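Here the structure is laid out as structure tokens; the discussion comes afterwards.
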There are 2 protein chains.
Amino acid sequence: MFSKVLISDDLGSINQGVGTVLEGLGITDVTQVQYCDDAYLKVKNAYQKAEPYHLLITDLSFKTDHRSQTYASGEALVKQLKQEYPELKIIVYSVEDRLQRVRTLIQTHKANAYVCKGRQGLNELKAAIQSVYHDNIYISPQIEQALRPSTDLEIRDYDIVLLKQLSKGLSQEEISKFLKHHEISPSSLSSVEKHLNKLRVQFKAKNAIHLVAIVKDLGLI
Amino acid sequence: MFSKVLISDDLGSINQGVGTVLEGLGITDVTQVQYCDDAYLKVKNAYQKAEPYHLLITDLSFKTDHRSQTYASGEALVKQLKQEYPELKIIVYSVEDRLQRVRTLIQTHKANAYVCKGRQGLNELKAAIQSVYHDNIYISPQIEQALRPSTDLEIRDYDIVLLKQLSKGLSQEEISKFLKHHEISPSSLSSVEKHLNKLRVQFKAKNAIHLVAIVKDLGLI
DNA sequence: AATTACCTTACGGTTTTCCTTAATCGGAAA
DNA sequence: TTTCCGATTAAGGAAAACCGTAAGGTAATT
């Protein structure tokens, strides 16, 4: 089993149960930090001292305060750490249950597990630690479907750009200009119209307003 | 100081620090529940046995699961309890920091304190318990402005209805019909236009799409 | 009762979005 | 190369949103 574990969570103290779970698994060397930057530094230092952490359990959302941070979110932290130290196991432990976020973290950033904080969170966390220890991916049951290709809506980065600008109040013509200015293709007004139209159909939205409301709820933007 | 306290939070265990804080204040009779309905029943039973709780500390968002609940959120719980037992002190302890939510809870539902979960959350919680014990209202500093009238944007229920329907994809004409059907006044297309226009100016939104994106971020809808 | 202020409603003109049809371009297959 | 197909671009009209103005109602004040 893992012996050296780092926990990153901005709330003031370890959830009592998390400590109990780790204890129950015989893990005693546990460090906790409240900032993503601290987590990054701890991992880096431990590696340099040849006493690396075996597992990182991190939250996603960190409140911002006076301390300016290089890594503002758990997502940025995971991305960076997995680039530098691919062998470090990472479990994301968050209340966030929006599918797109989970998909990005697992598929793009290569996190090893995604556990939803909730009533069953501790049980799932325990299962996740054991799974990850045996080189398996663990996803909370309630969001496991997020990874199945059947749910794949094939939303591209391009669509996200469109939706982002749309939600910022740009007219379709302004979006077209924005794309030309940033040399993103396709950029014609017609293409913007066409793509947004496709997205409307895909999300069963009545109009652009409805569309933005839906994708905001889904956490896509 | 309070002696009998109920904590309502759907995560599996009391945050270690919350226990420590209560202990530090000499509060030993602490009960914890994971469902809003359980919280309601506990309070009701305790009252009937003439051994009422003095203080309730509750979260706002509860994950839904197989158990169907009468009170789906902390907000509904607070509303109901304050109607039946106005003398019961209630502290809301949540990550939620959107101003409108805070305002509603304090001003409409008469919660006694609102503490943001965060790095300073435990210190603030301690201060809140002491404040509330002395019949004062406590609000976390970072959101105290929410209650100041200067920030008052005078958003009425009527505006919320408009924004809700707008975000559901109804055209302004459809919203007008919706209002007539529900006998909400004013209901003319012109009035809908005018009110939405006022909201756009108020929120510095470029258009209706932008407006919906903004109020969604603010948590108004 | 009259004045005032405010809100609701109505209407016209302009802009933007929505939707369809058609032309054009570029790559893959025949 | 030619053909075909999908994607991009273009253009037009209908619908809706946007914006100012004006008329009608209502309630509070004087």
Side-chain angles (χ1 to χ4, degrees), chain A residues 149 152-218 220-221, chain B residues 149 152-218 220-221:
Chain A
D152 201 326
L153 292 169
E154 47 179 321
I155 307 296
R156 308 167 182 289
D157 288 352
Y158 178 80
D159 296 313
I160 303 292
V161 172
L162 252 49
L163 292 169
K164 271 234 178 71
Q165 298 307 319
L166 187 67
S167 78
K168 281 164 68 177
L170 271 62
S171 71
Q172 299 188 352
E173 190 169 348
E174 286 171 325
I175 295 177
S176 165
K177 284 176 189 163
F178 172 90
L179 294 172
K180 285 190 175 77
H181 187 257
H182 287 77
E183 292 173 5
I184 299 172
S185 169
S187 64
S188 75
L189 173 61
S190 273
S191 284
V192 173
E193 279 186 16
K194 198 147 228 154
H195 275 262
L196 287 177
N197 188 34
K198 204 178 64 188
L199 287 168
R200 266 206 306 279
V201 173
Q202 215 168 78
F203 286 104
K204 298 182 179 62
K206 292 184 183 176
N207 55 35
I209 300 173
H210 195 195
L211 176 63
V212 166
I214 290 172
V215 296
K216 268 208 161 288
D217 281 338
L218 287 173
L220 254 56
I221 56 173
Chain B
D152 201 327
L153 292 169
E154 44 181 322
I155 306 296
R156 309 169 180 290
D157 287 352
Y158 179 80
D159 296 313
I160 303 293
V161 172
L162 251 49
L163 291 169
K164 271 234 178 72
Q165 298 306 319
L166 187 67
S167 78
K168 282 165 67 177
L170 271 61
S171 70
Q172 298 189 351
E173 190 169 348
E174 286 171 325
I175 294 177
S176 165
K177 282 175 189 163
F178 173 90
L179 294 172
K180 286 190 174 78
H181 187 257
H182 286 77
E183 293 174 5
I184 299 172
S185 168
S187 64
S188 75
L189 174 60
S190 258
S191 283
V192 173
E193 277 186 22
K194 228 171 195 86
H195 276 261
L196 286 178
N197 188 34
K198 204 178 65 188
L199 288 169
R200 265 205 308 280
V201 173
Q202 217 168 77
F203 287 103
K204 298 183 179 61
K206 291 184 185 177
N207 55 35
I209 300 172
H210 194 195
L211 177 64
V212 165
I214 290 172
V215 297
K216 269 208 160 289
D217 281 339
L218 286 174
L220 253 55
I221 55 173

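Everything quoted here is computed from the prediction, not taken from an experiment. In the text below, chain A, chain B and the rest are named by the order of the sequence lines, each starting its count at 1.
Within the nucleic acid shown, A:Ser187 comes within 4.0 Å of sugar-phosphate atoms alone, with no base atom in reach, counting heavy atoms only. Counting non-hydrogen atoms under 4.0 angstrom, B:Ser171 reaches the backbone sugars and phosphates but no base.
Taking the ring pair (Phe, Tyr, Trp, His ring centres under 6.0 Å) definition, one finds that A:His182 meets it with A:Phe178, sequence neighbours left out.
The nucleotide whose nearest atom lies closest to any side-chain atom of A:Ala208 is, among C:dC18, C:dA10, D:dC18, C:dC18. Picking from C:dA22, C:dT9, C:dT8 the nucleotide with the shortest atom distance to the side chain of B:Ser190 gives C:dT9. With C:dC18, D:dC18, C:dT9 as the candidates, the nucleotide lying closest to the side chain of A:Arg200 is C:dC18. When distances are taken from the side chain of B:Glu193 to each of D:dT8, C:dT8, D:dC19, the shortest belongs to D:dC19. Checking C:dC19, C:dC11, C:dT8 against every side-chain atom of B:Pro186, the shortest atom distance belongs to C:dT8.
Taking only side-chain nitrogens and oxygens, B:Ser188 comes nearer than 4.0 Å to OP1 or OP2 of C:dT9. For D:dA7, neither phosphate oxygen OP1 nor OP2 lies less than 4.0 angstrom from any side-chain nitrogen or oxygen of A:His195. For A:Gln172 and C:dC18, the shortest distance from a side-chain N or O to OP1 or OP2 is below 4.0 Å.
Residue-to-nucleotide contacts include no donor-acceptor pair under 3.5 Å from the side chain of B:Lys198 to the base of C:dT8.
Toward the 5' end of DNA chain C, the nearer of the two residues B:Lys194 and A:Leu170, judged by each one's closest nucleotide, is B:Lys194. DNA chain C is contacted by both B:Lys180 and A:Asn207; B:Lys180 maps to the nucleotide lying nearer its 5′ end (nearest heavy atom per residue).
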Check the pair B:Lys194 / B:Ser190 against side-chain hydrogen bond (donor to acceptor under 3.5 Å, both in side chains), numbers first and verdict last.
CA-CA 6 Å; B:Lys194 228 171 195 86; B:Ser190 258; over 6 Å; no

Tell me, with the steps shown, if B:His210 and B:Ile214 meet side chain to side chain contact (heavy atoms under 4.5 Å, CB included).
CA-CA 6 Å; B:His210 194 195; B:Ile214 290 172; 3.7 Å; yes

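Crowding of B:Lys216 atom NZ: a count of heavy atoms from other residues, nucleotides or ligands under 6.0 Å exceeding 12.
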